[in-house]
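These notes are about the structure you will find just below.
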Amino acid sequence: MITLNPESRTPLVTQIVDGFRQLITDQTLRGGAKLPSIRALAAAHSISVFTVVEAYDRLVAQGWVVSRSNAGFFVKRRATDAAAPAAAETDVADLRFDARWYLRHIFESRNLELKPGCGWLPNGWLFEEGVRRSLRQLASEGVELGGYGLPHGHMALRVLIAESLAERQVNASAGEVLLTQGSSQAFDLVARGLVRPGDTVMVDEPGYPNLMFMLRFLGAKLVGVPRAPGGYDLAAFEDLLRAHRPKVFFTQPRLQSPTNSVAPVAQLFQLLKLADQHDLTVVENDIYADLDPEQRPSLASLDQLRRVVYVGSYSKTISPNIRVGYLAARGELLEDLAQLKMVSGLTSSDITERLAFGALCEGRWRKHLKSLRDRLAQAHEVVARRLTELGFELFSEPKAGMYLWARHPDLTDCIDLSQQAAGEGILLGPGHLFLVEPRPTGWLRFNVAFSDDERLYRFLDLQIRLHHPGAAA
């Protein structure tokens, strides 16, 4: 029925999934047809039953096959054959790795055991103790369940954020802080508040795929501002300003994802000067500020929110699951964004905001941050050494933050590499995801907190050997 090649670089699980998908697409197997039993297929091809189980589970998850108790696996009946290509987008082993896939499925890839390409921290690295203490405190005080939160968010947390911004030399009152459901909602509100269809918008390149997808959905024309190991390519930035006359620039000066580069203060001054000259609003993504052991000026601190909108989050330090972020902006703009927040989703959750406030007021909060920074610095040392030993080039090494942006001269197709990795249960972060216009690239984003497993380096070493025998020891 299907042909398997044990010598192929394509994993057997992927071969089984692709084989049955092709048979279903070609109508060789029609809706309602029964697939061979797990043991029969395993015996026919002399493979492990676990391999077949994994393949059938993927076919079920993708919507090609249904499982019937005590009966077996059957081809799913479809209204039209047009549904098949859409279902194929969800295949973890056949990852398309485009922005749409990333936005919809990156959080559903929990069956991939190793996640060096993900964008969050392991559970044990987060402020679990503080969250538990805050939960107990909330439970003892009692929680009002019958109403909504405030439009701008929980007042005590906004006051605390304003105080933390003051420590970073950003003068903002609690009235200039708007709480959001994570930084993603903050970017969405700012984008919808400032961008109209046809507007030209600048973004970091490489940069944040979800933001690019969001802006394109709003009809914006995207222009990428090149990142350099030392921050920005300001000459290119100025040329792009003159050529495209953009309205907004979404940027991440500090510990930028995916490159982890840091823009020095001299560049920030120059960027703001150019923004003034070209009447450009700057949206500063500073969600990794708490991961930075150094006290650095931000665009917001240099501009004092005159033309900068500042975005922060607690997803990387407390927990991504509580979905608490914020933005800071001046006057009418902040009120307009608060109105948009109410129109699209009423208020954010007062319970989770209180939970975050309790964790931040916990006596161990600052100790947790220091421990987290130290742990990330140690991980950077280890992962940087392991990658360079394999011959990878590192874009930037600040020894802080979550990421390393790296490429190997013999691994030039990150999409193919990522597909191979997925078949081995490894989620990589292929570089083309982070580009304004996806194109072939060998760059990969490594989350250092998830890159300490020997299986990752064995996989990379094998791929290097396959592409260039003798390239790695």
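Just so it is clear, the model here is predicted, and its values are computed rather than measured.
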Pair Trp443 and Phe395, ring centroids less than 6.0 Å apart: yes

Between Thr251 and Tyr232, a side-chain donor and acceptor under 3.5 Å: yes

Gly401 to Asn260 - nearest heavy-atom pair and separation: CA-OD1, 4.1 Å

Polar side-chain atom of Arg366 near backbone of Gly363 as donor-acceptor pair, under 3.5 Å: no

Steps toward side chain to side chain contact (heavy atoms under 4.5 Å, CB included) verdict (Val60, Phe73): CA-CA 9 Å; Val60 172; Phe73 294 84; 3.9 Å; yes

Worked verdict on Phe237 versus Phe249 for ring-ring contact (aromatic ring centres under 6.0 Å, His included): CA-CA 10 Å; Phe237 176 61; Phe249 179 27; 5.3 Å; yes

Backbone of His368 reached by a side-chain donor or acceptor of Ser371 within 3.5 Å: no

Criterion side chain to side chain donor-acceptor pair (under 3.5 Å) on Arg323 and Ser315, from CA distance to verdict: CA-CA 7 Å; Arg323 309 305 304 137; Ser315 292; 3.2 Å; yes

Atom CZ of Arg39 with >12 non-hydrogen neighbours under 6.0 angstrom: no

Derivation and outcome, salt bridge (charged side-chain N to carboxylate O under 4.0 Å, His left out), residues Glu454 and Arg386: CA-CA 10 Å; Glu454 191 63 32; Arg386 295 302 303 273; 3.0 Å; yes

Asp410 side, atom CG; Leu466 side, atom CG - distance, nearest 0.5 Å: 11.0 Å

Donor-acceptor side-chain pairing of Arg30 and Gln27 below 3.5 angstrom: yes

Check: Ile16 and Ile47 side chains under 4.5 Å, non-hydrogen atoms: yes

Approximate separation, where rounding is to 0.5 Å, of Thr200 OG1 and Leu240 CG: 11.0 Å

Main-chain N/O of Pro438 paired with His432 side-chain donor or acceptor, under 3.5 Å: no

Nearest heavy atoms of Leu372 and Lys316, plus distance in Å: CD2-O, 3.9 Å

Whether Ser418 side chain and Cys414 backbone form a donor-acceptor pair below 3.5 Å: yes

Working for ring-ring contact (aromatic ring centres under 6.0 Å, His included), residues Phe127 and Trp365: CA-CA 8 Å; Phe127 197 30; Trp365 168 243; 5.5 Å; yes

Validation row: Val203, Val223 side chains within 4.5 angstrom (heavy atoms): no

Check: Asn447/Tyr403 side-chain N/O donor and acceptor closer than 3.5 Å: no

Lys341 side chain vs Leu179 backbone, donor-acceptor pair below 3.5 Å: yes

Rounded distance [0.5 Å steps], CE in Met402 versus CG in Leu255: 10.5 Å

Tyr288 six-ring centre to Arg254 NZ/CZ under 6.0 Å and within 45° of normal: no

Between CG on residue Asn210 and OG on residue Ser183, distance to nearest 0.5 Å: 9.5 Å

Distance in Å, Phe459 CZ paired with Ile426 CD1, rounded so as to fall on 0.5 Å steps: 5.5 Å

Ser298 and Asp286 side chains, donor-acceptor separation under 3.5 Å: no

Donor + acceptor pair across side chains of Thr51, Glu54 (<3.5 Å): no

Val248 vs Phe250, side chain to side chain contact (heavy atoms under 4.5 Å, CB included): CA-CA, chis, key distance, verdict: CA-CA 7 Å; Val248 187; Phe250 288 82; 3.6 Å; yes

Glu353 side chain to Ser348 side chain, donor-acceptor N/O pair below 3.5 angstrom: yes

Sub-4.5 Å side-chain heavy-atom contact between Asn285 and Phe187: yes

Whether Lys34 side chain and Ala71 backbone form a donor-acceptor pair below 3.5 Å: yes

SB check Asp461 Arg458 (cutoff 4.0 Å): no

Shortest non-hydrogen contact from Thr317 toward Leu291: CG2-CD2, 3.9 Å

Shortest non-hydrogen contact from Ala356 toward Ile322: CB-CD1, 3.9 Å

Under-4.0 Å salt bridge between Arg375 and Glu381: no

Heavy-atom closest pair, residues Gln256 and Asp204: NE2-CB, 3.5 Å

Heavy-atom neighbours of Asp453 CG exceed 12 at 6.0 Å: yes

Minimal non-hydrogen separation, Arg407 against Gly442, with atom names: CB-O, 3.5 Å

Spacing of CZ belonging to Arg354 relative to CG belonging to Leu135, to within rounding of 0.5 Å: 13.5 Å

Side chain to side chain contact (heavy atoms under 4.5 Å, CB included) evaluation trace for Arg9 with Gln463: CA-CA 10 Å; Arg9 290 171 53 198; Gln463 295 302 313; 3.4 Å; yes

Flag if over 12 foreign heavy atoms under 6.0 Å of CG, Asn5: yes

Exercise: do Arg445 and Ser257 side chains pair donor with acceptor under 3.5 Å: yes

Presence of salt bridge, Glu205 and Arg439, under 4.0 angstrom: yes

Phe434 and Trp405 aromatic centres sub-6.0 Å: yes

